[in-house]
Number of protein chains: 2
Amino acid sequence: MTINNKTNQKVTLSDVGKLAGVSAMTVSKVLRGTGRIPEETRKRVQAAANELGYVTNQLASLLAGASSNMVGVLIPTARDVVYSDILSAINAELRPAGLRTFIGESYFDPAVDYEQVSSFLSIRPAALILHGGIERKAETIKLLKKQACPVVQIWDVENTDFNINIGPSHADAGKLMAEHFLSLGLKKVGYVGAELELDICAAQRANAFEDALKAQGVDLIRCVAEDLPRQAEGGEVLTRRLLDHYPDIQGIHYLNDAMALGGMRVSYERGISVPDSLKIAGFNATSNVHSVRTKLTTINMSYLDIGTKAAKGVVSLYTGESVDRVQIEPIVLERGNTT
Amino acid sequence: MTINNKTNQKVTLSDVGKLAGVSAMTVSKVLRGTGRIPEETRKRVQAAANELGYVTNQLASLLAGASSNMVGVLIPTARDVVYSDILSAINAELRPAGLRTFIGESYFDPAVDYEQVSSFLSIRPAALILHGGIERKAETIKLLKKQACPVVQIWDVENTDFNINIGPSHADAGKLMAEHFLSLGLKKVGYVGAELELDICAAQRANAFEDALKAQGVDLIRCVAEDLPRQAEGGEVLTRRLLDHYPDIQGIHYLNDAMALGGMRVSYERGISVPDSLKIAGFNATSNVHSVRTKLTTINMSYLDIGTKAAKGVVSLYTGESVDRVQIEPIVLERGNTT
DNA sequence: CTGAAAGCGCTTACAG
DNA sequence: CTGAAAGCGCTTACAG
């Protein structure tokens, strides 16, 4: 579907000019704050523009060679606090700099990612902030190179194709949780996750978790699904499945806090005491803000900091200020009352 | 700050044309799927476009009079599940229709709202989906009228300035909760909220809640703040304040579930038994997905449905299909284990 | 200090 | 079936 909007925007620069008794050129200068224009003319033009409700047609403006102030931000989904926190921090930093953000969601789908990037590029943005953690299509990369659009990547610091790359080390996160489980003396451990084929960062964490356990002779039982939501419900289903087959499991690490909560529900309903009989740990520390009594053991980091750094990265690409091309965000293990 | 991107996009229609041995005009037709072009030419042009990595310059395209496929969606914040659910449903409906969404956040701030609307309009979108519930500036309305851009409003069905308006009746929501509290025989009731000056829909709910209680001779004690977050922390602070002054309060209705959880925490820490000694209720049913044991009494509705209807509204504005100008979303009281 | 000219990359409407 | 012309509303670079 496509929509016809030819009737829009009647007021042009020369309309304003006519009302103010000057040329379109002068109006353009006044509105952009360029050139030496007498205060008196300035005011007259401004008044005329206000009266007519003039809004610059960015389409024309950018096409003519003006500089863009639009920054496209692509996140997997706005429904995840991790990304909406990052987004929020980006906005907070970019707006005062006079930059406008346009947001898109990819749902971890490389095809949608391509479409969104292409949409963004079609309005010739100043820069793009893209999330990593997916297998981006070759066409998408090609497009980006072709347009020579500056890109800051967030969340993935392994595939560092872009100008600046900011995020946690997912391998370290997996290792950190494995060390915690090992320090508790667990011998039989499970991992629960979903959509690991799409989310390569989550897969990286799971692999590092497994490797670190194996190195100490502890085997990991994976219970994952590609078709379940990465929410509490998915966690419930998979936890039931895991406990049914391996009732003697001692600890479970989940892809995220939401799924871990699903694990908590199943434990509660089956009368399994956590952490006494079963340890449960999540990732991303997004659930504790909603807790009354349960405080999950999880891995946390400053999402706001990632967003702020990404936005600063965008600015630095133009001010010429030098910043690190790869910026690793520190992570921390928060021990709650579930391990 | 502003960014120079003059070096971008080298490949034009005529570049593709040269490679394919046809005019720019023919390329344009092939790419848009218009006109009668022999299959052989079509393929040659397509191949050339692919080879060069051509992407339509929407700036030029729209300026020349093409129809836009961009829909701007403005929500207060992506950090609230209510809005990110609506957003998600909008995307799900709009993408298959070939429309692209551009998202912005207003933070309930009328000045930011104006800026965002203005940004959206500057790229001449096909339509806009705007959240209501704030005191929109007169300039913003003026801009919208001037551009004759179709607008679907969500969340507010009281101020119905726009083409289509979709949302719950906030007055009914307040009344519904009052009736629940009355049915429990409560005589001393509190209300906890924040930023009611910005969020006029929340204010409407609070007022309706108060009015319905008063009509039955029950007084309401309001404990609100304009400078606290509408999160659990804000709920904690205000609940402490309320209970310190009115220890004999029997039930508290909160602006949202997040704040209500703050109330639950305070009750838990003070050893107040919920629901036996104190009833607690929220609004928007966003917390129960995170619960292990606590299930808040709250008011729910289908946020996905609101998003779907909003997107369908956008489409209907162009297909000419007639839809109701005001669509009231049904609400339901969900009784958990906190009242 | 001010504006006429040229051009950004497309699409519409029209001529061949 | 195909393309040369005109124009969308701006800005850049330059002349007065």
Aromatic ring pairing B:Y83/B:F108, orientation class (parallel under 30°, perpendicular over 60°, tilted between): perpendicular
Shortest side-chain distance from A:L63, nucleotide among C:dC8, C:dT11, D:dC10: C:dC8
Interatomic distance, B:Q58 CD vs D:dG9 P [rounded to whole Å]: 18 Å
Euclidean distance, atom CZ of residue B:R124 to atom C1' of C:dC10 [Å, nearest integer]: 16 Å
Quick one: which protein N/O atoms are closer than 3.5 Å to N/O atoms of nucleotides 2-4 of chain C? Pair and distance per line, please.
| residue | atom | partner | partner atom | Å |
| --- | --- | --- | --- | --- |
| C:dG3 | OP2 | A:S23 | N | 3.2 |
| C:dG3 | OP2 | A:S23 | OG | 3.1 |
| C:dG3 | OP2 | A:T26 | OG1 | 2.6 |
| C:dG3 | N7 | A:K29 | NZ | 3.4 |
| C:dG3 | O6 | A:K29 | NZ | 2.7 |

Results of salt bridge (Lys or Arg N to Asp or Glu O under 4.0 Å) for A:D199 - residues two or more places apart only: A:R230
For atom CG of B:L59 and atom C1' of C:dT11, their distance in whole Å: 14 Å
Side-chain N or O of B:R32 closer than 4.0 Å to phosphate OP1/OP2 of C:dT12: yes
Spacing of CZ belonging to A:R136 relative to OH belonging to A:Y114, to within rounding of 0.5 Å: 13.5 Å
Contacts of type salt bridge (Lys or Arg N to Asp or Glu O under 4.0 Å), residue B:E115, not counting sequence neighbours: A:R95, A:R100
Counterpart residues, side-chain contact (heavy atoms from CB on, under 4.5 Å), relative to A:L19 (two or more places apart): A:A48, A:E51, A:L52
Under 3.5 Å donor-acceptor, A:S14 side chain and A:G17 backbone: no
Dot-bracket pairing map - DNA chain C, Watson-Crick plus G-U, both contacts under 3.5 Å, | cross-strand: |||.||||||||.|||
Below 4.0 Å: OP1/OP2 of D:dT11 and any side-chain N or O of A:S61: yes
Test ring pair (Phe, Tyr, Trp, His ring centres under 6.0 Å) applied to A:F120 - qualifying residues, sequence neighbours left out: none
Gap between atoms CG and P, on A:L121 and C:dC10 respectively (whole Å): 14 Å
Flag side-chain contact, heavy atom, 4.5 Å: B:N159 against B:I200: yes
Side-chain N or O of A:S28 closer than 4.0 Å to phosphate OP1/OP2 of D:dC10: no
Length of the line joining B:L31:CG and C:dC10:C1', which is rounded to integer Å: 12 Å
Nucleotide D:dC10, atom P - distance to CG of B:N57 in whole Å: 16 Å
Side-chain donor/acceptor of A:N50 to backbone N/O of A:A47, under 3.5 Å: no
